[in-house]
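The basis for the numbers below is simple: all heavy atoms, side chains too, and nothing from hydrogens, waters or symmetry mates.
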Amino acid sequence: MKITAIETLVCHARMRNWIFVKVMTDQPGLWGWGEATLEWHTQSVIGAIKDLSQLLIGEDPRRIEHLWQMMYRQHFWHGNGVVRGTAISGIDIALWDILGKIHNVPCHELWGGRVRDYIRLYCHLGGGRMEDFYETAPDDAKRFGDLALQAVDEGFTAFKSMAVPETMPLEGLRPIKYAEACVRAMRDAVGDDIDIMVDCHARPSPRMGLQFAKALEPYGLYFFEEPCWPETMEDIALIQRAVSTPIASGERLIGVHAFRDMLERRAVSVIQPDITHCGGLSEARKISALAEAYRVSMAPHNPQGPVSTAASIELGFATPSYIICESVHKDVEWRQDVVSEGFTVQEKGRIVLPNKKPGLGIEINEEEVKKHPFQQEILQRTFYKDGSVGDW
């Protein structure tokens, strides 16, 4: 059995271009689907996949770890940057899909079988609709409360918001009070039985991130995400030690070595590897084993397309440290048209029941994908009030 081709299909989904990866084999009807979506770097990732394909054409797709090592280690440069890491991830996910199809079992059965009966989903405010999640004014507390109620009405028991505004390296009380008002509005709207997460997008400086964390501590957040840059890992650890709120981070880290450093510093309570960036399912499984050793929870970053979601769910059913799955369902209204899925979602509670189809249990409708060809992603630029460049 040999790999005969590696194809990429780009599907424009407003904020992102989903990059679907199709690994073809010499067995009739046998191929695997992966995803390598990386916002604002679509062309770079497609080029990286093309480069990697030179290593893989003619190889046995069943030797997944062997092929992963080739992709990561050969041609001198290691694959620990985000572009090449994303390309490796998309191919790796597709290889696991193939292996599940060969053995006629879902991927989670390849990894020791189910460790749980269901997985809980959480949504973004607005269901992933860009205008609601990214463009709601941080001082519009009522809007945050209304969107929180909408999430609960749609069956979710947990949701994530971006209630922390863009701030300069040091500011006064105003942004802190804004964030507190927005989170208070959400908590008052939904009560104590709903889990609320706040994503800082690594916008704040370490000192501002600590101030936000302390201000929001009384509201019992499920977790507080990316309070500052991952480059300042020691500061994330200081924030973790300063509050009782679980701190989450890791979506920008590539490879098990980066997560080893995070865990050794006891920097977080929740790691958030992105399966489409960190090295795919192969590397995510190693990262999850580290998390288990440190008794740290795992909640993969997953705001991308439907193959990423299927991969995250398969991982979750076989991973003890996995606690919840990030999901978007309203980023584009035709999302379900491009994919058929093996798992099912119960609307009440947004509970995912296991996939019973082979591999990832999904199939991409290539004709539907063609209806949404590549377009440049919507640029997101942030400048502070003095004109200096900020973090979006």
Side-chain angles (χ1 to χ4, degrees), residues 64-65 68-69 72 79-80 85 88-89 92-93 95-96 99-100 105-122 158 160 195 197 221-227 230 233-234 236-237 239-241 243-302 308-327 343 351-355 360:
I64 298 175
E65 182 62 28
W68 192 95
Q69 293 289 330
Y72 185 88
N80 51 15
I88 291 171
S89 298
D92 178 83
I93 293 166
L95 293 174
W96 282 108
L99 192 63
V105 294
C107 283
H108 66 261
E109 295 289 346
L110 301 172
W111 305 322
R114 286 190 295 111
V115 298
R116 54 181 47 87
D117 297 326
Y118 65 84
I119 290 172
R120 184 168 63 134
L121 299 177
Y122 76 85
K160 184 159 74 180
D195 290 321
M197 290 148 272
L221 299 179
Y222 189 63
F223 59 68
F224 187 61
E225 180 175 337
E226 282 204 305
M233 195 68 70
E234 293 291 351
I236 298 177
I239 295 170
Q240 172 73 98
R241 294 185 182 100
V243 295
S244 60
T245 306
I247 301 300
S249 189
E251 69 183 63
R252 305 178 202 223
L253 300 184
I254 310 300
V256 70
H257 303 99
F259 283 91
R260 177 200 61 197
D261 294 344
M262 173 180 277
L263 291 164
E264 284 180 348
R265 287 174 170 82
R266 307 301 199 276
V268 296
S269 298
V270 183
I271 60 168
Q272 298 177 290
D274 190 310
I275 297 169
T276 67
H277 304 326
C278 75
L281 286 163
S282 294
E283 197 75 344
R285 294 183 66 230
K286 297 170 187 174
I287 293 165
S288 72
L290 271 183
E292 180 73 9
Y294 282 90
R295 299 297 292 147
V296 167
S297 300
M298 182 178 190
H301 181 246
N302 177 52
S308 175
T309 297
S312 183
I313 288 169
E314 286 302 305
L315 181 71
F317 274 114
T319 303
S321 56
Y322 191 107
I323 54 170
I324 198 165
C325 180
E326 181 173 10
S327 67
F343 60 85
I351 298 301
V352 180
L353 301 180
N355 162 46
L360 298 178

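- No side-chain donor-acceptor contact under 3.5 Å links Tyr72 to the backbone of Ile88.
- A heavy-atom distance below 4.5 Å is not found between the side chains of Leu99 and Leu95.
- The side-chain heavy atoms of Ile247 and Ser269, taken from C-beta on, include no pair separated by under 4.5 Å.
- Taking the six-membered ring where tryptophan is involved, the planes of Phe317 and His108 are tilted, since the angle between them lies from 30° to 60°.
- The side-chain hydrogen bond (donor to acceptor under 3.5 Å, both in side chains) check on Asn355 picks up Glu314, with sequence neighbours excluded.
- At a threshold of 4.5 Å between non-hydrogen side-chain atoms, the residues Lys160 and Tyr222 do not count as touching.
- Looking at heavy atoms from C-beta onward, Val352 lies out of side-chain contact with Cys325 at the 4.5 angstrom threshold.
- The existence of a salt bridge linking Lys286 and Glu65 is confirmed by a sub-4.0 Å separation between a basic side-chain nitrogen and an acidic carboxylate oxygen.
- In this structure the side chain of Arg266 reaches within 4.5 angstrom of the side chain of Arg241, judged on heavy atoms.
- Side chains of Ser312 and Tyr322: a donor-acceptor N/O pair is present below 3.5 angstrom, by distance only.
- Between His277 and His301, the two ring planes are tilted [angle within 30° to 60°].
- Applying the side-chain hydrogen bond (donor to acceptor under 3.5 Å, both in side chains) rule to Ser308 yields the partners Asn302; only residues at least two apart in sequence or on another chain are considered.
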